[in-house]
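Nothing here was measured: the structure is a model prediction, and the numbers come from that model. FYI, the numbering just counts along the sequence from 1.
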Amino acid sequence: MQVKKYLLKCLHRLQKGPGYTYKELLVWYCDNTNTHGPKRIICEGPKKKAMWFVLTLLFASIVFWQWGVFIRTYLSWEVSVSLSVGFKTMDFPAVTICNASPFQYSKVRHLLKDLDQLMEAVLERIVASEPTRANATEALNFTLWNHTPLVLIDERNPHHPVVLDLFADHHNDSASSSPAPGRTCNALECKVAMRLATNIFSQVPAQELVKMGYPGEQLVLACLFGAEPCSYRNFTPLFHPDCGNCYTFNWGMTEKALPSANPGVEFGLKLILDLGQEDYVPFLTSTAGARLLLHEQRSYPFVKDEGIYALPGTETSIGVLVDKLQRKGKPYSQCTLNGSDVPVHNLYRDPNTTYSIQACIRSCFQDHMIRNCSCGHYLYPLPHGEKYCNSHDFPDWVYCYSELRRSLGQRETCIRMCKESCNDTQYKMTISMADWPSEASEDWIFHVLSQERDQSTNITLSRKGIVKLNIYFQEFNYRTIEESAANNIVWLLSNLGGQFGFWMGGSVLCLIEFAEIAIDFLWITVIRLVAFFKGLRQRRAQARYAGPPPTVAELVEAHTNFAFQPDTANHGPKPGAYPDEQTLPIPGTPPPNYDSLRLQPLDVIESDSEGDPI
């Protein structure tokens, strides 16, 4: 009961000031508000009232329009980019190096013997004369041709291209292998196409593939970081299907990242690599050199897509500048901190690497490959329990892979599912090259390096097989590119208040007044609804009687049997008072007889019931 009385008092105080009707409430608001326009509507004459009403309505509309513009701008979550320059000791980047040839030909010769012979015969068959073609394929093993067929596409008639089997006369009699007599295909009219031959290496165990690549002790001839010597043991091995054995310096997986003491060549990483170009696979790669990439610690190196080449016989100097990118997360962008909210299983997390959008897109493609082609592509990591594609177990995988690779929907799906990393570090490189060693010093340098590699006094190296690298910080200044909210809550409130004050002369207190008047409007509506439903209930109670409601005496007399007559006798207070033999009502307390149904103020009601005004 105490809570009910307290609530009644509170509601009464809300209701007491403005009045008890909508008109009284509006008049009270216009007379007491701090906003300029409504006061003039009350105080001025009829003409000025109309003028000030129109002006107030117009400026209020402008305020609400401006508020909508600012709120929509705030909810667009735009960002501004700031660039700052810092100076401090920085961690040296991780450096991944690979040989341009993924495998040593001497170790994969037994796997590629038949393929090499077929490729040599193909080249002769394309460029040689007719008699020579017949002799080029007499002793070939065509078993491999079922898995890696090579065709010649004649496009001299672009509307009707002709696909010709180069060994049709020896392997398949259904088609001719050469263009029309007397005509020769040139480079623009004819193309040579071969199905992917990855099934050769996809069936070799990963441990065997690592043994077929270039070992670290052979690739790294000399190493120096600052003034400290290093060797291949300071590199973390990593096998990549495209690049073979790669080695990462300062990866930070098991050890702390190495800092750089000062900028300059003398405080960076110096490497001399032995490429072993004489053992390159002839038809697997046509590029000689070293492939290298600078990246963050614990990030997976995508050397083929993001790396650069260092030419053999040169000294390549790479000056590094650091850019740190810091993006705003949700709701300003869809970037991710660690990839945990990305609906793609990261296949490159096996060596405990961090998330990157490149890893996500490649993992997404491999997932589509497995779902559509029932096997995984050799160039991407394989989920547990799946198999790599090969022509023996999956004969149609090449066509499936080609269709999936050309699919625009697949690319859009992966781009939509993958997110950028919120924090990223980019290394800008300034590259310069010079011939190394010079003609005057190559003898003694090759003597020293041969002694280092083979413990031999003879020269076992040549200019075409070695490369020297210098990687260093160009300066210790680093740039931070940071995103910040272009429109924050302070900006929003300032603009909303500025527009309201400029057009209406209002403030926050005016908004509180408006909220108060809205509550009063609501409370008046509640009181009227309560009165309406109470009156409706009373009218329904009165509708139970055909005539006026009986008095207490009549009800008592109707139910009193002085003569002890049977109950079936029809006794009533007055004949005809209840026609149609209507059943008499049960006597009881009659409903109160109100003088008026007009609602009285709460202070009068409460004063009558409690005896004390509020």
Hits for disulfide bond (SG atoms under 2.5 Å apart) against C246, two or more places apart or cross-chain, chain-then-number order -> C98
Looking at R349, I'd like to know if its CZ atom is crowded, meaning that more than 12 non-hydrogen atoms belonging to other residues, nucleotides or ligands lie closer than 6.0 Å. no
Sequence neighbours excluded, every pair satisfying salt bridge (charged side-chain N to carboxylate O under 4.0 Å, His left out) that has a member inside residues 357-381: D305-R362, D367-R371
What residues, two or more places apart in sequence or in another chain, satisfy side-chain hydrogen bond (donor to acceptor under 3.5 Å, both in side chains) together with R406? E403
Residue set satisfying ring pair (Phe, Tyr, Trp, His ring centres under 6.0 Å) with F476, at least two apart, ordered chain then number -> F473
Residue pairs meeting side chain to side chain donor-acceptor pair (under 3.5 Å), one or both in residues 64-80, sequence neighbours left out, come to S80-S484
Using 30° and 60° as the class boundaries, would you call the ring planes of F365 and Y380 parallel, tilted or perpendicular? tilted
Going by the salt bridge (charged side-chain N to carboxylate O under 4.0 Å, His left out) test, which pairs reach into residues 476-505, not counting sequence neighbours? D323-R479
Ring pair (Phe, Tyr, Trp, His ring centres under 6.0 Å) partners of Y300, counting only residues at least two apart: F302, Y348
Quick one: do the Q358 and E306 side chains pair a donor with an acceptor below 3.5 Å? yes
Of all pairs that satisfy side chain to side chain donor-acceptor pair (under 3.5 Å), the ones with a partner from residues 487-501, not counting sequence neighbours: Q499-W503
Considering only residues two or more places apart or on different chains, which pairs with a residue in residues 85-95 satisfy side chain to side chain donor-acceptor pair (under 3.5 Å)? none
Can you sort out the partners of C422 under disulfide bond (SG atoms under 2.5 Å apart), two or more places apart, ordered by chain and number? C335
Residues in side-chain hydrogen bond (donor to acceptor under 3.5 Å, both in side chains) with K328, at least two apart? none
Among pairs that include at least one residue of residues 238-264, which meet side chain to side chain donor-acceptor pair (under 3.5 Å), considering only residues two or more places apart or in two chains? T96-T248, D242-K304
